[in-house]
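In this chain, residues are counted from 1 in sequence order.
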Amino acid sequence: MENEELLKLNEHPDIPHYDLDKVYLFTEFPDKISGRCDNCNNAHFESSIKEGALLRKCRNCGMKKII
């Protein structure tokens with residue numbers, strides 16, 4: 001099953017693929033479109049403060065960024 005998923009990812013090398021289990025840093029991966037999720041283009045987020053940093057989680061796909 002893993003090999004099939006990797007083949008699907010390699011079909012479109014120009015489209016970025018994000019690991020939704022990882023927390024990204026806004027300084028390293030700024031928003032492509034301001035206020036929108038890079039993965040699904042959704043504009044609705046859940047926000048929380050973790051260890052003095054603002055964590056933003058997309059309500060649609062679950063992509064997380066520390067702002």
Requested in this report: Would you kindly confirm whether L54 and L25 end up in one hydrophobic cluster when ILVMFWY residues are joined by side chain heavy atoms under 4.5 Å apart?
Outcome: no
Query - Residue pair R36 / F45: nearest heavy atoms and the distance that separates them - result: C-CZ, 3.8 Å
**Report entry** Heavy-atom pair of closest approach, residues K57 and G62
**Finding:** CG-O, 3.9 Å
Requested in this report: Please round to the nearest 0.5 Å and tell me the distance separating atom CD1 of I66 and atom CD1 of I49.
Outcome: 12.0 Å
Requested in this report: Report the distance from atom CZ of R56 to atom SG of C58, rounding to the nearest 0.5 Å.
Outcome: 8.5 Å
Query - For D19, side-chain contact (heavy atoms from CB on, under 4.5 Å) partners two or more places apart - result: D21, K22, Y24
Report task. Apply side-chain contact (heavy atoms from CB on, under 4.5 Å) to S48 and list each qualifying residue two or more places apart in sequence or on a separate chain. Result -> K50, L55
Report task. Please identify each residue that fulfils side-chain hydrogen bond (donor to acceptor under 3.5 Å, both in side chains) with K65, with sequence neighbours left out. Result -> D31, D38
